[in-house]
Structures are given as C-alpha cells and as structure tokens.
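Following: one structure in structure tokens, then a few remarks.
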Amino acid sequence: MSQQQKQKQQGKPKTAITPTREENYAEWYQQVVKSADLAETSPVRGCMVIKPWGYAIWENVQRGLDGMFKATGHKNAYFPLFIPLSFLEKEAEHVDGFAKECAVVTHHRLEAGPDGGLVPAGKLEEPLVVRPTSEMIIGATFAKWVQSHRDLPLLINQWANVVRWEMRTRMFLRTTEFLWQEGHTAHATDEEAKAETMQMLDVYADFAENWLAMPVIRGEKTEGERFPGAVETWCIESMMQDRKALQAGTSHFLGQNFAKAQEIQFQDDEGNREFCWTTSWGVSTRLIGGTIMTHADDDGMFCPPMVAPAHIVIQPVLHKPEAKDEVMAFCDKIIEALKTKVYGGRVIEVEYDTRDLRGGDKTWQWIKRGAPIRLEVGPRDVAEGNVFMARRDKGPKDKQSLKLEDFVERAADILQEIQDGLLARAKAFRKANTHVIDTEEAFYEFFKTPETADNETAPIHAGFVMAHFNGDPKLEERIKNDLAVTVRCIPLDGQKLCDDQGRPGTCPFTGEPSAKRVVWAKSY
RNA sequence: CAGGGCGUAGCUCAGCUUGGUAGAGCGGCGGCUUUGGGAGUCGCAGGUCGCAGGUUCGAAUCCUGUCGCCCUGACCA
C-alpha cells in the first residue's frame, strides 16, 4: 500500500508530499526538492544537477545580490579554478581548515590502459587543488595589483563554483561542488576592513529577509566556529522548520593574516610599506536549501515571489474545443497586460502552461513547484472577463474570481502581500521556538533528545536558546559533546531576539559574568 | 570516516529465508470515455535484477569483494 493510500485510510488530509515534515523531516526535504523539480542527484558522487526551475531561483539570487554588491562599489572578476598546492600552504590555519576536503589534480592526460580503460598519465610537477575557496589565488593576484595606497580599497567579487570533498552531502545544503559568490577586499586600515565586513553582513541580512523572506540573526562566530585564518567571522543564522540553525552566509575580517602570508603590501602616503587589511565574504546555493526549509510545506515548495522563476502560472482550461481559440486569445491578453507590470525590479514573469495534461495533475505540479500565483482561465471566465486566481499561501481549493483589469492592476501588490506573509510567518515561527534559559538544568532538559535506534529518524529539534555564556571554548566544546548543540552566534545588538538582548548577565554554566546572551542551537 | 538501511522496468517496490527461463502499482505511449481539479477503462512498450569474482547442472536468490545511494553521528557554506 502506498503512503498516500495509508493516509487516506487513516483519514489524514492528503498532502502532496509524503512523508510530512512532522513524520520525517529529512525525507520530506528530499521529496520537496524532487517534486518541485529543483534538482536531482547526478552520476557524480555528492554532486547534483540543478534543474531549470531550481537554477532560475539561483539566477534571481545572483541578480539580487549582484546589484547590491555593485551598489556598494564592488566589481566582478574571475580567477582560476585550480590553485597550485604551494599557494594553499602559505597560511597555516587556512591549510589546516581545508586540507582534508580538497580535490587534487595530479595528472593532465589520459592514456589507454592495459585492460582497455583509460589511465591518468602525464604527472604534474606540482599538483593543483580544485579551489575550496579562493583566498590564496586571489590574494596572490592582489599582491600584484596593490602597490600604492592609491590602489586601495580593492573591492572584488567573483561568481564561481567551488569543491569541498565533504563526507556527507545533502542537496543544496552541502554538495561536493557548489555555486557561490566570494567577495575579497583589501584595505589600507583595520577600521576600513572591519567596516567592509559589517557592511557585507548587512547586505546579506537585507537580501535574506527582503528577497528570500528568511529572517536571520546577525552575529559573530565563537573561536571554535571561526573561518580558518580569519580574525573575526560574522554570520547570518536562520531557523529552519525543524528548528535547527542554518548558517546562511558569512563575512570574515581577515586582519593582516592573509596579507602577510601573501605579501599584499602597499606604500602609504609617507612612503612606508604596510600590509593590507583584508576581508572575504560569501553565500552559496545553500541559500536555496534555506529557502526550501523556511517556506516549503507538506504540499511542496513555496517560492518567495522576489526569487520565484515565474510569478504567475496561467492554466488555460481547454477541454471544450469550440471555446479553445477564445480562451487562448484571452490568455494572450492577460500575458500582454502583465508585460507592463513590474514587481521587485523585474517585469512580472508569466508561465503559460498549455501542456495537454489533466487539470489536477497540472495544478498540483505548480503547487509542488511553489509558483506564487496560479490563474485558471476557462470559457466561463472569458465570458465574464475574469481570471480565477489561486495563491500558494492559501489552500489549494481557496480560489477567487477577479476582473482581469483589477487583477493586472493589483498583481504586484498581491505578490508583495505573499512575500510579506512569508517573512511574517517565518519570523513568528522563530519567535515561537526561541527560548530564554537561565539555568544549566533547564538548558540540558531543553536540548535533551529522546533515545532513538541507530537507523531511526531524528525527532524534531527543540529550537533556539538565548542564554548567557562566559565565552570559554572548553565549555562550548563540552556542551557540543553532551548535546550536539553549539553557539550559533553572538548576536549583534538591536535585533530584539529576547527582552534583555545585548545586556550583561551571568553564565548559567559557570556563574561567571557574561557580556550578553548568545544563540544556542543544533545546526546543519 | 564509524554505525544502520538499501541497490530488481523511468519511479516506488514485491520476489531472495526454502536456487529452477522476471512481477505489481504508478509513470510513458496509443484507443475509447471523461474533464473547473491529482479520473475511468482497454491495449502496448519497457529489466543481461549496481558491478566483479566464487559455489552450483543451474544464481535476482547462497558466499566474498567492490562501487553507489539514504539515515544517524563526527567534519563543514
């Protein structure tokens, strides 16, 4: 018996995705990715194929962020995929952090082998590492580009793919190869580089909230979670629907560590040679994973309108041959009218689905893909000059008839209403699952996980805890070992995560003073 | 990388314990009947059972190895 049949028998409401989030979150996530046509597994271990509907979301992410980067003075450039092994060795902590997950190219030719297959030949004198991140190759280039204080600041971004040989992969959240952007900047002063780090953190938070409708907490990573080689690592952290934290973006203040390792130096206006202060910052296709786990429900994906591949899907009802021409002409009229309307900086995008499929199939496909608005247009609507509108934020059968002119006028407003609704819902969810805790006992009780067998799926995680912390890495390590919970970040002030946000108190684990409450959670 | 589960048709899986010429449902294609909601019906196509060895007269089934996927953990954007 299929799971859907079982559901029917048990009288549960039929959902497009089985299992539901509640039943098995990890499996639900995979089913959403699959049934929304976002991506699929590939013949290559740990690597996914991003399908058109998923890639279009990424293109919208790129468009949005790229505009913000350029508005803050950054220029795009492109650097090599391969990094000579010796480059990677220059910054000790950096090597340490990435060495275990590097793909290495050792040969440059294939020859016929003794058994008929191909074998690598032409061994390279120096192996090439496939970039896991580009600090080293970009730093080496910066060293040539920067001579004088007049060359600074140097503000560069690259859109690229990187490879990290992870042990365990999950589509969009952690794949061996992934797409991202990495910003790299060099500055004359400490202050300026720090300001850049914070500026880009704010850009990320702005993008996450206003484009992806994904509420984030801005904060600093503790020592243990810092980027290898960085002086400070700042991040945006978001709560997924299983109440785990997802690090959605990072911005690093690198101090002079990389500048010294790579001799990025400039002459100041008094003729002294100084090392630059550098930053790096990045977000990846993981943002799509975060968007899925923030907004998708038991009926599948829900694309925030700002990044939706199509805003509106038109489904003509064409089963009466005598009305077909009329219906299609009316649909063309809708499409033309919407071409004059703009939402979120782009002309409203319409997907006109004329495929010869049964109505229900088509409807559910678009629900599972998460199109924000569907319009059903049949003879009845044409006769009355109406469109029959269904919104992804309402029930599948909760549909509304609107005059075509009214709909066209209001379309952008409706999309914004959907976008705002998503953010509000996600914020409310985070608020409901964020708790203030002041004793060690309550902390352990909160994060205690019920015993489960080895192969059993993990129960839904408890949530975020705002608790004081004396900052001791050994204490954090102990809690990590006990509960698999870590400090997700030390939040910046003014984010209203709890009533006494940002005020000093007492560390519940040691009784020592604590500067402020930090965010504790399990994470991806 | 450790523990667990699993690789059989495009997809989900049954068959394996007790070896004897490959099954179902969904999906696809074609009919008919339908149609404002994941329809019904008839027919058709589709698999050297992950791969490599071994045992056997005979292997999807037993044994060994190997590769891959999923779950839990450690590592990490």
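Sequence lines set the chain letters: A, B, ... in the order given, protein chains first and strands last, and positions in each chain run from 1.
A heavy-atom distance below 4.0 Å to RNA chain B is reached by none of the residues of residues 214-232 of chain A.
Among the protein residues, A:K480 comes within range of the sugar-phosphate backbone only, with heavy atoms under 4.0 Å from sugar or phosphate atoms but none that close to a base. Using a 4.0 Å heavy-atom criterion, one finds that A:T175 contacts the bases of the nucleic acid, with or without backbone contacts as well. Among the atoms of the strands shown, none is found under 4.0 Å from any heavy atom of A:L287. Within the nucleic acid shown, A:A484 comes within 4.0 Å of sugar-phosphate atoms alone, with no base atom in reach, counting heavy atoms only. As judged by a 4.0 angstrom heavy-atom cut-off over every strand, A:Q247 is placed among residues touching the sugar-phosphate backbone only. The residue A:R170 sits close only to the backbone: its heavy atoms come under 4.0 Å of sugar-phosphate atoms, none of a base. Residue A:S284 is classed as a base contact, given a heavy-atom separation below 4.0 Å to a base.
Remark: A:M306 engages A:W211, A:Y343, A:Q419 in a side chain to side chain contact (heavy atoms under 4.5 Å, CB included) (not counting sequence neighbours). The salt bridge (Lys or Arg N to Asp or Glu O under 4.0 Å) search around A:R392 returns A:D297, not counting sequence neighbours. Judged as a side chain to side chain contact (heavy atoms under 4.5 Å, CB included), and not counting sequence neighbours, the contacts of A:Q365 are A:R355, A:L357. A:A103 meets the side chain to side chain contact (heavy atoms under 4.5 Å, CB included) test with A:V130, A:V163, A:W165; sequence neighbours excluded. Remark: A:E220 pairs with A:E232, A:W234 by the side chain to side chain contact (heavy atoms under 4.5 Å, CB included) rule, at least two apart or across chains. For A:D482, the salt bridge (Lys or Arg N to Asp or Glu O under 4.0 Å) partners two or more places apart in sequence, or in a different chain, are A:R478. Not a single ring pair (Phe, Tyr, Trp, His ring centres under 6.0 Å) links A:F87 to another residue, sequence neighbours left out.
Comparing B:A60 with B:G54, their P atoms sit 15 Å apart, to the nearest whole Å. Rounded to a whole angstrom, the distance from the P atom of B:U21 to that of B:A59 is 12 Å. For B:C76 and B:C11, the C1' atoms lie 32 Å apart once the distance is rounded to whole Å. The separation of B:U64 from B:U17, taken at their P atoms, amounts to 15 Å, rounded to a whole angstrom.
Counting distance only, with no hydrogens placed and no angle test, the side-chain atoms of A:R174 and the base atoms of B:C76 include a donor-acceptor pair under 3.5 Å.
A donor atom on one side chain and an acceptor atom on the other are not found under 3.5 Å apart for A:E22 and A:T20. A:T486 and A:R488 share a side-chain donor-acceptor pair at under 3.5 Å. Using modelled atom types, one finds no donor on one side chain facing an acceptor on the other under 3.5 Å when comparing A:T197 with A:S251. Side chains of A:Q315 and A:T363: a donor on one and an acceptor on the other come within 3.5 Å.
Base pairing analysis places B:G20 opposite B:C57; the two distances defining the Watson-Crick or G-U wobble pair are each below 3.5 Å. For B:C11, the paired base is B:G25 (Watson-Crick or G-U wobble, both distances below 3.5 Å). Summarising the base pairing, B:A74 is matched to no nucleotide, lacking a Watson-Crick or G-U wobble pair whose two defining distances lie under 3.5 Å. Pair check for B:U35 finds none; no Watson-Crick or G-U wobble contact set falls under 3.5 Å. Using the Watson-Crick or G-U wobble rule with both distances under 3.5 Å, B:U48 pairs with nothing in any strand shown.
Of the candidate nucleotides B:C70, B:A77, B:C71, B:A77 has the atom nearest to the side chain of A:R164.
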Distances under 3.5 Å between nitrogen or oxygen atoms of protein and nucleotides 28-36 of chain B:
residue	atom	partner	partner atom	Å
B:U35	O2'	A:H319	NE2	3.0
B:G36	O6	A:P379	N	3.3
B:G36	O6	A:R380	N	2.9
B:G36	N1	A:G378	N	3.4
B:G36	N1	A:D381	OD2	2.6
B:G36	N2	A:E376	O	3.4
B:G36	N2	A:D381	OD2	3.0

Enumerate all atom pairs, one protein N or O and one N or O from nucleotides 65-68 of chain B, separated by less than 3.5 Å.
residue	atom	partner	partner atom	Å
B:G68	OP1	A:R45	NH1	2.8

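Both A:Q315 and A:E177 sit near RNA chain B, but only A:Q315 has its closest nucleotide nearer the 5' end. The residue among A:T285 and A:K34 whose nearest nucleotide of RNA chain B is located toward the 5' end is A:K34.
Contact annotation: A:R168 side-chain N/O to B:U72 OP1/OP2 distance is under 4.0 Å.
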Return all side-chain donor-acceptor pairs below 3.5 angstrom for residues 31-38 of chain A, not counting sequence neighbours, or 'none' if the list is empty.
residue	atom	partner	partner atom	Å
A:Q31	NE2	A:E27	OE2	2.8
A:S35	OG	A:Q31	O	2.6
A:D37	OD1	A:K51	NZ	2.8
A:D37	OD2	A:R369	NE	3.4
A:D37	OD2	A:R369	NH2	3.0

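The list of salt bridge (charged side-chain N to carboxylate O under 4.0 Å, His left out) pairs with a residue in residues 156-167 of chain A, not counting sequence neighbours, is empty.
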